[in-house]
Amino acid sequence: KTLPMSFGFRLSNLQVLNLSNNLLRTLPPSMRLMQSLKVLNVAHNQIEEFPETVIHCKLLEVIDVSHNKLRGFPRDLALRLPQLQSFVVDNKERRSKQMPTKRIS
């Protein structure tokens, strides 16, 4: 399943989004417009690639991508989402100090 391409256009003030258990394979690019989003739950779907579009949601504090088919995620996720406090993947929660980061030299 997929969401409409226009999904994020009218939800720019939304702070919590729960899309769990929907058999989603991807998230639409328009999610980048959801600049107020703080919590994103896309657990228990069919997502294989980390949804890069969420990198533009700079206020995200919690992301749950557990129980998907993810093959990986950006190594610099914590750097790209400075407010991120919790990242749940493969049914394990990672707090900000455990987040994957890329060393800046």
Side-chain angles (χ1 to χ4, degrees):
K1 289 185 177 181
T2 59
L3 294 169
M5 293 300 280
S6 62
F7 182 77
F9 289 126
R10 297 186 185 185
L11 301 173
S12 62
N13 293 321
L14 190 69
Q15 293 186 359
V16 177
L17 179 59
N18 184 346
L19 293 171
S20 62
N21 296 296
N22 280 293
L23 300 174
L24 296 174
R25 294 187 179 276
T26 62
L27 297 178
S30 62
M31 279 194 64
R32 71 179 53 230
L33 303 174
M34 300 174 73
Q35 296 297 308
S36 299
L37 195 62
K38 293 184 178 184
V39 177
L40 175 62
N41 182 351
V42 291
H44 296 275
N45 281 292
Q46 302 294 315
I47 299 171
E48 294 181 7
E49 300 282 333
F50 184 82
E52 288 281 332
T53 189
V54 303
I55 297 297
H56 300 279
C57 303
K58 299 296 185 190
L59 298 180
L60 271 172
E61 297 174 359
V62 177
I63 300 175
D64 186 343
V65 291
S66 62
H67 303 284
N68 277 284
K69 298 179 177 183
L70 285 178
R71 292 183 286 235
F73 47 87
R75 304 282 312 153
D76 59 349
L77 187 62
L79 295 174
R80 295 173 75 185
L81 294 173
Q83 302 299 316
L84 195 59
Q85 298 170 19
S86 179
F87 181 64
V88 185
V89 59
D90 292 332
N91 210 24
K92 295 177 185 171
E93 184 173 358
R94 296 181 185 219
R95 295 280 174 192
S96 58
K97 291 185 179 176
Q98 301 171 318
M99 298 290 278
T101 60
K102 183 176 180 183
R103 191 175 294 258
I104 298 175
S105 41

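One-based numbering along the sequence shown.
- One finds the NZ atom of Lys38 at 5.5 Å from the CD atom of Glu61 (value rounded to the nearest 0.5 Å).
- Aromatic ring orientation, Phe73 versus Phe87: perpendicular (interplanar angle above 60°, classes split at 30° and 60°).
- Here the side chain of Asn45 pairs no donor or acceptor atom with the backbone of Asn68 at under 3.5 angstrom.
- Although no hydrogens or angles enter the test, the distance criterion places a donor-acceptor pair under 3.5 Å between the side chain of Ser30 and the main chain of Met5.
- No option in Leu14, Thr53, Leu60, Leu59 other than Leu14 meets the side chain to side chain contact (heavy atoms under 4.5 Å, CB included) test with Met34.
- Of all non-hydrogen atoms in Gly8 and Leu33, the two that sit nearest each other are O-CB, 4.0 Å.
- Listed here is the closest heavy atom pair of Val54 and Leu81: O-CD2, 3.8 Å.
- Residues Ile47 and Glu49 come closest through the heavy atom pair CG2-O, 3.1 Å.
- The structure places CG of Leu70 at 11.0 Å from CD of Gln46, a figure rounded to the nearest 0.5 Å.
- Two residues are said to be in side-chain contact when any heavy atoms from C-beta on lie closer than 4.5 Å; Glu48 and Arg71 meet this criterion.
- A donor-acceptor pair is defined here as one N or O able to donate and one able to accept, closer than 3.5 Å; no such pair exists between the side chain of Asn22 and the backbone of Leu24.
- Here the side chains of Phe50 and Ile55 are in contact, with some heavy-atom distance below 4.5 Å.
- Linking ILVMFWY side-chain heavy atoms closer than 4.5 Å, directly or via other members, places Val39 and Val42 in two distinct hydrophobic clusters.
- Side-chain heavy atoms closer than 4.5 Å link hydrophobic residues (I, L, V, M, F, W, Y) into clusters, and following such links, even through other members, never connects Val65 to Val62.
- Across every non-hydrogen atom of Ser36 and Ser12, the tightest pair is OG-O, 3.1 Å.
- Contact detail for His56 and Gln35: the closest heavy-atom pair is O-NE2, 3.1 Å.
- What you find for Leu40 and Met31 is that their closest heavy atoms are CD1-CE, 4.0 Å.
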